[in-house]
Amino acid sequence: MPSSSSPSSKNKLRSPVLDGRLVTILSIDGGGIRGIIPAKILEFLESELQKLDGEDARIADYFDVIAGTSTGGLVTAMLTAPDANNRPISAAKDIAPFYVQHGPKIFQQSGCVGCGLLGWMAALVGPKYDGNYLHELTREILGQTRLHHTLTNVVVPTFDIKLMQPTIFSSYEVKYRGYKDALLSDICIATSAAPTYFPPHNFTNADDSGQSWDFNLIDGGVAANNPTLVAVREVTKEVLSRSEDFFPIQPMECAKLLVISLGTGSAKREEKYTAEMASKWGVLGWLFNGNSTPIIDIYNQASIDMVDYFLSVIYEAQTSQQNYLRIQAENLTGDMSSVDVTTDENLNDLVEIGERLLQSPFSRVNLQTGNSEPVAGGGTNQDVLIKFAKMLSDEQKFRQSKSQHKREKGTRN
């Protein structure tokens with residue numbers, strides 16, 4: 001892994017945005033073990049890019065920004081952290097097997113009869129999991145890699161419980177706030193520290209001048225479980241600051257923003273909870289209900305839906321719907337809707353959900369009802385991903401051609 005150095009040494013794989021026509025954004029929701037679902041979508045997308053541009057093509061080569069919350073933050077790090085050859089440490093096809101292999105140890109199940117009650121009682125006095133395996137695994141994989149080392153720009157939301165405000169780790173902000181150039185492992189541990197599941201993460205980081213900052217962080221999902229809008233915000237801030245890294249673009253100019261937003265699945269809405277059930281709950285009922293935490297489920301789902309709804313409205317208003325792709329598995333039931341059930345059966349089910357999602361009809365949110373509905377004549381999610389892969393490949397080729405032309409012109413001069 002690379003050692004720490006100044007943010008100015010950042011090495012990006014893509015050709016500069018300045019030479020492009022589109023700003024490309026990938027976003028991955030939080031959702032614990034359900035990260036398997038977007039992993040299967042990314043595996044297909046990367047395979048299509050490889051058909052177009054060769055087997056060495058990787059997701060990080062094509063996106064100007066990759067954002068991820070919680071489990072999505074871990075996927076983001078795996079897609080963008082460099083190996084010894086300055087290529088991503090993981091191909092997209094490696095991520096679902098990673099979850100299948102390590103998920104049961106991250107979410108260690110007790111496996112004893114009668115432990116449901118004991119687990120419930122334990123959750124009253126401490127987090128459900130100690131997080132030790134996740135912490136050790138993350139540090140082993142990411143080593144000394146820092147935010148500025150990533151092979152494309154990344155955005156990872158967390159929430160600081162000491163300051164009571166979101167803390168966004170963004171490649172763009174490192175230029176102005178060096179103390180945010182933290183180890184990727186610390187960022188991933190923090191954004192995954194879901195309340196009641198894992199303990200909060202505390203660490204101190206300093207910039208090159210010695211200024212330090214003490215972070216007291218929990219899961220970014222409490223602020224932005226769907227981080228798509230956070231990623232768009234980071235781009236918009238750069239545009240407003242008239243960053244020389246960008247071609248001429250107006251803030252929130254959707255025709256210039258190509259966005260792929262991947263969910264981790266949502267529960268079957270009419271079966272998750274009912275008013276009759278909730279009418280009997282006190283504080284404990286809202287915090288603990290079987291294997292779930294209703295209040296967190298509700299906040300996370302609201303965050304996810306509102307981001308998709310807002311972006312759908314904006315893109316439709318600017319007649320740029322073709323530039324926004326949201327893929328989400330809906331109506332998950334039983335263990336499949338849980339964030340931490342890692343039985344062999346459920347892991348296999350989640351892999352199958354991701355694979356079936358590719359064959360599902362391409363859908364968009366209905367702005368009148370708020371429900372996701374198939375687009376007439378839109379084909380399947382797989383069909384749309386093939387089109388997006390072509391757009392991403394064409395954009396990369398355009399940038400490379402423009403960069404080459406500029407180099408040749410400079411040489412002649």
Side-chain angles (χ1 to χ4, degrees), residues 11-17 19-28 35-68 72 74-101 141 149-154 231 258-264 322-327 329 350-360 362 379-404:
N11 186 355
K12 301 301 181 190
L13 293 178
R14 302 154 293 95
S15 297
V17 182
D19 292 329
R21 299 169 296 190
L22 297 168
V23 180
T24 55
I25 299 172
L26 171 65
S27 175
I28 309 160
I36 289 173
I37 297 173
K40 297 302 294 184
I41 304 302
L42 290 168
E43 180 179 338
F44 178 79
L45 176 60
E46 191 168 87
S47 70
E48 289 301 309
L49 292 168
Q50 289 169 347
K51 290 177 184 177
L52 296 168
D53 298 327
E55 63 181 18
D56 192 44
R58 295 290 183 269
I59 293 291
D61 300 341
Y62 297 88
F63 289 96
D64 299 305
V65 186
I66 301 181
L74 181 57
V75 173
T76 295
M78 294 173 69
L79 292 173
T80 62
D83 63 14
N85 297 314
N86 210 35
R87 296 296 290 156
I89 59 173
S90 298
K93 65 181 178 61
D94 300 326
I95 296 175
F98 170 88
Y99 276 92
V100 171
Q101 176 185 353
I141 293 171
H149 290 126
T150 57
L151 296 168
T152 190
N153 298 297
V154 303
L258 187 70
V259 176
I260 298 179
S261 175
L262 303 180
T264 58
Q322 72 281 359
N323 279 13
Y324 174 60
L325 173 60
R326 172 70 174 171
I327 298 181
L350 291 172
V351 170
E352 291 180 6
I353 288 169
E355 293 172 345
R356 289 202 304 269
L357 187 56
L358 289 167
Q359 305 301 327
S360 299
F362 168 55
T380 65
N381 288 322
Q382 179 173 288
D383 295 330
V384 179
L385 282 167
I386 291 172
K387 294 178 183 177
F388 268 71
K390 183 65 165 58
M391 287 191 285
L392 289 165
S393 177
D394 288 347
E395 173 66 15
Q396 185 70 341
K397 290 183 175 70
F398 177 83
R399 295 185 189 187
Q400 290 169 349
S401 175
K402 190 171 180 180
S403 295
Q404 179 65 26

To the nearest 0.5 Å, how far apart are [atom1] in [X] and [atom2] in [Y]?
{"X": "Ile89", "Y": "Arg87", "atom1": "CD1", "atom2": "CZ", "result": "13.0 Å"}
{"X": "Glu355", "Y": "Leu350", "atom1": "CD", "atom2": "CG", "result": "11.0 Å"}
{"X": "Tyr62", "Y": "Leu49", "atom1": "OH", "atom2": "CG", "result": "5.0 Å"}
{"X": "Glu48", "Y": "Gln382", "atom1": "CD", "atom2": "CD", "result": "7.0 Å"}
{"X": "Ile41", "Y": "Leu325", "atom1": "CD1", "atom2": "CG", "result": "9.0 Å"}
{"X": "Glu352", "Y": "Ile36", "atom1": "CD", "atom2": "CD1", "result": "11.0 Å"}

Between [X] and [Y], is there a donor-acceptor pair closer than 3.5 Å when you use the side chain of the first and the backbone of the second?
{"X": "Glu46", "Y": "Ala92", "value": "yes"}
{"X": "Thr150", "Y": "Asn153", "value": "no"}
{"X": "Glu55", "Y": "Gln50", "value": "no"}

Option among Asp19, Asp64, Asp61 that satisfies the salt bridge (charged side-chain N to carboxylate O under 4.0 Å, His left out) test with Arg399: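 For Arg399, the salt bridge (charged side-chain N to carboxylate O under 4.0 Å, His left out) test succeeds with only one of Asp19, Asp64, Asp61, which is Asp64.
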Derivation and outcome, side-chain contact (heavy atoms from CB on, under 4.5 Å), residues Leu258 and Phe63: CA-CA 9 Å; Leu258 187 70; Phe63 289 96; over 6 Å; no
Over 12 foreign heavy atoms within 6.0 Å of CD, Gln359: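 Counting other residues, nucleotides and ligands, CD of Gln359 exceeds 12 neighbours.
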Note, [X] side chain near [Y] side chain (heavy atom, < 4.5 Å):
{"X": "Leu79", "Y": "Arg58", "value": "no"}
{"X": "Leu392", "Y": "Glu395", "value": "no"}
{"X": "Ile28", "Y": "Leu42", "value": "yes"}
{"X": "Leu151", "Y": "Pro88", "value": "yes"}

Side chain to side chain donor-acceptor pair (under 3.5 Å) assessment of Lys397 paired with Ser393: CA-CA 6 Å; Lys397 290 183 175 70; Ser393 177; 2.6 Å; yes
Pair Gln404-Gln400, side-chain contact (heavy atoms from CB on, under 4.5 Å): steps then yes or no: CA-CA 6 Å; Gln404 179 65 26; Gln400 290 169 349; over 6 Å; no
For residues 93-100, please give each side-chain donor-acceptor pair under 3.5 Å, one per line with the distance, not counting sequence neighbours.
residue: Asp94; atom: OD2; partner: Ala91; partner atom: N; Å: 3.0
residue: Tyr99; atom: OH; partner: Thr71; partner atom: O; Å: 3.2
residue: Tyr99; atom: OH; partner: Thr71; partner atom: OG1; Å: 2.4

Those residues that, when tested against Ser27, pass side chain to side chain donor-acceptor pair (under 3.5 Å) (two or more places apart):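 Ser27 satisfies side chain to side chain donor-acceptor pair (under 3.5 Å) with Thr228 only.
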Residues forming a side chain to side chain donor-acceptor pair (under 3.5 Å) with Asn323, sequence neighbours excluded: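 Counting only residues at least two positions away or on another chain, Asn323 forms no side chain to side chain donor-acceptor pair (under 3.5 Å).
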Contact summary for Ala231 and Ile25, nearest pair of heavy atoms: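 Smallest interatomic distance, heavy atoms only, reads CB-CG2, 3.8 Å.
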Minimum heavy-atom distance Ala329-Ile37, with the two atoms named: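 Smallest interatomic distance, heavy atoms only, reads CB-CG2, 4.4 Å.
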Sole candidate of Val259, Val65, Ile66 that passes side-chain contact (heavy atoms from CB on, under 4.5 Å) when paired with Leu26: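 It is Ile66; the other options fail the test.
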Name of the residue among Leu45, Leu385, Thr380 meeting side-chain contact (heavy atoms from CB on, under 4.5 Å) with Leu358: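 One option only clears the test, and that one is Leu385.
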Salt-bridge criterion met for Arg21 and Asp394 (N-O under 4.0 Å):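 A salt bridge is absent here (no side-chain N lies under 4.0 Å from a carboxylate O).
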